[in-house]
Amino acid sequence: MWAPFIGRISITDYLIVLVIYLESIISFFLRLIPNPIMNFFSSLINFTINIDDSSLEQRLRLAPTIHEMCAPFNITIEDHMVRTEDDYILTLHRIPPSAKRYNGKVVYLHHGLLMCSDIWCCQLERNKNLPFVLHDLGFDVWMGNNRGNKYSTAHLHKLPKSRKFWDFSIDEFAFFDIPNSIDFILKITHVEKLICVGFSQGSAQMFASFAINEYLNSKVAQFIAIAPAMTPRGLHNRIVDTFAKSSPTLMYLFFGRNILLPSAIVWLRTLHPAIFNFCIDFGNRILFNWRSLNISPQQKLISYSKLYSTTSVKSVVHWFQILRSQKFQMFEEQDNMFNSLTRPYQIARFPTRTNIKIPILLIYGGNDSLVDIKVMKKNLPETGVFDIKVENHEHLDLIWGEKTDTLVIAKVLKFIEFFEGVSRRNSIVIQNSLKTIENHTNNNNSILLEQVITPNKMGPTFRSPSQSLSIPPAIDSQHSPAATTSTMINRYNTYPKSNSRISQENIISSSSPRGSRPISPSSSSAVSSSLSSESELNTTNDGQLRSGIVVNSNNNTLTSLENDMKDDYDTEFEEKVRERNENKLQKRQLSRYLTNE
């Protein structure tokens with residue numbers, strides 16, 4: 001480990017170390033002051049602020065909970081309690097939709113590190129708060145909270161004062177908090193899928209959760225990651241960066257093993273807002289080289305007062321491990337037997353590149369030191385990932401900046417609208433294709449599924465959705481290409497079973513050279529030939545199955561199976577090439593749509 005000997009670090013670095021120790025000492029004595037006296041000093045500080053107590057700025061700044069923050073905008077908040085699988089009690093905040101305006105869609109938003117659901121409702125203008133805009137458009141809006149923050153400090157068996165309560169990291173967020181919250185929301189709202197929006201660490205938690213809980217891919221329609229965090233390059237200040245990448249023992253030595261920076265609440269109550277905001281800006285400048293030029297001083301007065309919420313020291317140690325390894329990995333527990341140099345095993349990484357099957361939009365600031373977009377995209381799937389760079393913006397600017405409505409919220413809405421249109425068109429194609437199959441089958445016609453659903457070799461073509469921010473109307477089936485249908489339907493499940501006794505098990509050969517791999521309909525002649533003469537197959541006089549599969553008993557079974565397996569692999573390769581071409585076209589179309597103001 002590198003040691004800060006005299007001459008190796010600057011005077012500024014020594015001052016930072018000194019400030020850390022002084023802060024700990026002063027906050028310790030401030031916590032000894034009785035609450036009545038502390039409240040009296042807080043009242044004096046608020047009195048010195050040249051803002052009317054009835055003004056919106058002061059009401060938002062002094063609002064103790066999200067309920068009081070939303071009240072000035074005539075927004076009603078519901079509290080819902082979620083019990084995780086490891087017995088933490090989380091609070092979800094819901095803005096229920098109006099019965100007349102509900103569009104049938106649900107959105108789940110999740111905050112970042114050292115935050116809570118308050119951060120989504122801090123803007124002075126209604127149209128710059130993403131939850132309010134979604135609510136006005138008819139969405140059912142839910143805002144999550146991590147275990148340990150100010151809304152989720154309950155457990156069935158552990159007390160918040162115990163070390164065991166705070167023994168959690170990003171792993172627990174991904175394994176329990178995110179999936180349990182999503183399952184709860186889907187159960188309450190009675191919808192099949194929802195839309196996820198994450199900010200900063202909230203996006204990282206969702207990336208990790210979608211990767212390790214693969215079933216969530218079928219429950220999430222789209223995912224928008226705002227200022228996404230995954231593998232930051234490092235911190236701006238070299239001594240802090242070195243400290244962050246050092247042994248976790250030092251971090252625990254500075255901050256303990258329970259709550260991270262509990263003194264922040266004390267400083268918020270005792271410092272004048274102008275001084276408190278200066279400290280936040282100074283800390284952001286030292287750690288991340290952020291200047292927050294796109295956030296007005298008036299907005300900082302509100303937003304910075306909601307910036308901090310409690311979390312565990314272990315969750316920050318987890319980020320420092322990711323910084324050191326430059327891998328989006330799970331938490332590395334301290335090992336008494338092996339150190340990091342001689343450890344004979346690898347720390348598991350979140351399989352985000354292979355396991356996520358959801359359309360993703362990355363919205364990041366061009367000056368955000370925590371986002372390395374090239375590294376992030378290498379850790380995400382090759383297809384279905386889109387990104388928007390917001391020039392001259394940093395991390396916090398994307399939720400509290402002066403142009404959040406046009407630079408961020410408008411892009412979020414257009415992305416949802418774009419893929420909702422694609423999904424609706426594909427759904428129409430699927431329904432029409434299945435009706436065609438059913439009609440032909442009822443007439444005892446021998447047709448192959450591939451003749452009904454023909455992939456478009458040129459890839460999908462999308463009609464441009466409405467330029468307004470409202471939810472688009474139902475799309476006519478005339479504009480519904482069958483481009484991606486063949487890759488979205490499981491063709492083996494679409495065969496009707498009413499007019500034929502051949503089942504899905506008959507189409508899967510357990511004796512094929514490659515095990516129980518599904519066989520295409522064109523090869524089922526070999527499967528039928530291999531069946532005994534006593535097998536009950538509903539056939540016609542011309543030797544055809546009424547399911548549309550032609551029987552040819554003259555072919556050699558083994559040769560036919562091998563040829564068909566080769567055809568299947570060729571078909572899969574063609575589908576992968578087509579999917580890649582479709583993704584390129586989709587990216588171009590979405591890019592033009594998002595940039596068209």
Side-chain angles (χ1 to χ4, degrees), residues 80-92 105-113 142-149 152 155 167-226 228-231 311-312 314-315 318-319 321-322 327-333 346-362 376 379-385 419 423 488 490:
H80 294 265
M81 311 302 289
V82 179
R83 175 182 174 180
T84 65
E85 295 176 38
D86 56 345
D87 293 333
Y88 281 83
I89 307 299
L90 311 180
T91 299
L92 296 181
K105 300 176 182 63
V106 179
V107 181
Y108 170 47
L109 299 93
H110 206 87
H111 59 80
L113 176 66
W142 294 71
M143 293 169 282
N145 285 286
N146 282 341
R147 62 182 64 194
N149 75 10
S152 302
H155 191 279
D167 186 22
F168 58 81
S169 64
I170 300 175
D171 293 357
E172 284 71 27
F173 298 150
F175 274 107
F176 304 113
D177 292 10
I178 297 297
N180 293 164
S181 296
I182 291 177
D183 289 338
F184 179 87
I185 295 172
L186 293 177
K187 181 179 179 181
I188 295 296
T189 57
H190 304 290
V191 298
E192 294 182 357
K193 291 186 176 183
L194 50 71
I195 300 165
C196 286
V197 180
F199 173 73
S200 190
Q201 180 184 278
S203 62
Q205 294 174 205
M206 289 182 172
F207 282 135
S209 190
F210 298 156
I212 59 180
N213 304 285
E214 296 185 51
Y215 76 95
L216 289 179
N217 286 269
S218 63
K219 297 185 177 184
V220 178
Q222 297 106 34
F223 174 39
I224 297 98
I226 302 174
M230 184 177 283
T231 51
T311 191
S312 67
K314 185 177 180 179
S315 62
H318 193 169
W319 273 116
Q321 292 176 354
I322 293 173
K327 298 176 182 178
F328 192 45
Q329 64 180 31
M330 296 185 181
F331 187 81
E332 178 183 353
E333 297 287 354
Q346 295 293 323
I347 303 301
R349 299 173 63 177
F350 294 107
T352 52
R353 185 169 179 81
T354 58
N355 291 6
I356 298 180
K357 313 294 182 183
I358 306 168
I360 299 172
L361 176 63
L362 309 174
M376 180 174 296
N379 288 324
L380 293 174
E382 293 183 9
T383 59
V385 179
F419 273 96
S423 176
M488 297 179 64
N490 186 334

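All values below were derived from every heavy atom in this structure, side-chain atoms included, with hydrogens, water molecules and symmetry-related copies excluded. Since we're looking at a predicted model, the values are computed, not measured. For reference, positions follow the sequence shown, starting with 1.
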Sorted by chain and residue number, the ring pair (Phe, Tyr, Trp, His ring centres under 6.0 Å) partners of Y88 (sequence neighbours excluded) come out as H155, F165
Sorted by chain and number, sequence neighbours left out, side chain to side chain contact (heavy atoms under 4.5 Å, CB included) with D167 holds for K314
_V385 vs I356 side-chain heavy atoms within contact, under 4.5 Å_ = no
Residues P228 and S203: closest non-hydrogen pair is CA-OG, 3.1 Å
Contact check, side chains of R349 and N379, non-hydrogen atoms, under 4.5 Å:
yes
CD1 of I89 to CE of M81, rounded to nearest 0.5 Å, is 6.5 Å
Inset, instruction - Indicate yes or no: at least one non-hydrogen side-chain atom of F207 is less than 4.5 angstrom from one of L380. - result: yes
Identify all side-chain donor-acceptor contacts of residues 191-201 below 3.5 Å with residues at least two apart in sequence or on another chain.
{"from": "S200", "atom 1": "OG", "to": "H395", "atom 2": "NE2", "distance (Å)": "2.7"}
{"from": "Q201", "atom 1": "OE1", "to": "W319", "atom 2": "NE1", "distance (Å)": "2.7"}
{"from": "Q201", "atom 1": "NE2", "to": "Q205", "atom 2": "OE1", "distance (Å)": "2.8"}

Donor-acceptor under 3.5 Å (H318 side chain, S169 main chain): no
Sorted by chain and residue number, the side chain to side chain contact (heavy atoms under 4.5 Å, CB included) partners of R353 (sequence neighbours excluded) come out as E382
The reported gap from CD in Q329 to CD1 in I170 (rounded to nearest 0.5 angstrom) is 10.0 Å
Checklist entry - So, do F223 and F210 have ring centers that fall under 6.0 Å from each other? => result yes
Q | Donor-acceptor pair, side chain of S312 and main chain of F168, under 3.5 angstrom | A | yes
Notebook entry, point to check: So do the side chains of I212 and F350 get within less than 4.5 Å of each other, counting heavy atoms only?
Noted result: yes
Closest non-hydrogen contact found for A174 with S209 is O-OG, 2.9 Å
Sequence neighbours left out, cut at 3.5 Å: what donor-acceptor pairs do the side chains of residues 177-187 make with other protein atoms?
{"from": "D177", "atom 1": "OD1", "to": "R147", "atom 2": "NE", "distance (Å)": "2.9"}
{"from": "D177", "atom 1": "OD1", "to": "R147", "atom 2": "NH2", "distance (Å)": "2.7"}
{"from": "D177", "atom 1": "OD2", "to": "R147", "atom 2": "N", "distance (Å)": "3.1"}
{"from": "D177", "atom 1": "OD2", "to": "R147", "atom 2": "NE", "distance (Å)": "3.3"}
{"from": "N180", "atom 1": "OD1", "to": "E85", "atom 2": "N", "distance (Å)": "3.0"}
{"from": "N180", "atom 1": "ND2", "to": "E85", "atom 2": "OE2", "distance (Å)": "3.1"}
{"from": "S181", "atom 1": "OG", "to": "D177", "atom 2": "O", "distance (Å)": "2.6"}
{"from": "D183", "atom 1": "OD1", "to": "K219", "atom 2": "NZ", "distance (Å)": "2.9"}
{"from": "D183", "atom 1": "OD2", "to": "Y215", "atom 2": "OH", "distance (Å)": "3.0"}

Do any N or O atoms from the side chain of H80 and from the backbone of L90 form a donor-acceptor pair under 3.5 angstrom?
-> no
Verify, without hydrogens or angle tests, whether N146 (side chain) and H110 (backbone) share a donor-acceptor contact under 3.5 angstrom. no
The ring pair (Phe, Tyr, Trp, His ring centres under 6.0 Å) partners of F175 (sequence neighbours excluded) come to none
Handout entry: Flag side-chain contact, heavy atom, 4.5 Å: N149 against H111
Key = yes
To the nearest 0.5 Å, atom CD1 of I347 lies from atom CD of E333 at 9.0 Å
Practice item. Take Y108 and V220 through the side chain to side chain contact (heavy atoms under 4.5 Å, CB included) test and state the conclusion after the steps. Key: CA-CA 10 Å; Y108 170 47; V220 178; over 6 Å; no
Taking every heavy atom of L109 against every heavy atom of V107, the minimum-distance pair comes out as CD1-CG1, 3.9 Å
Does any N or O in the side chain of D171 come within less than 3.5 Å of the main-chain N or O of M330, such that one atom is a donor and the other an acceptor?
no
>> Using modelled atom types and a 3.5 Å cut-off, is there a donor and acceptor pairing between side-chain atoms of N145 and backbone atoms of S152?
In response: no
In terms of heavy-atom contacts, A204 and F328 come closest through O-CZ, 3.5 Å
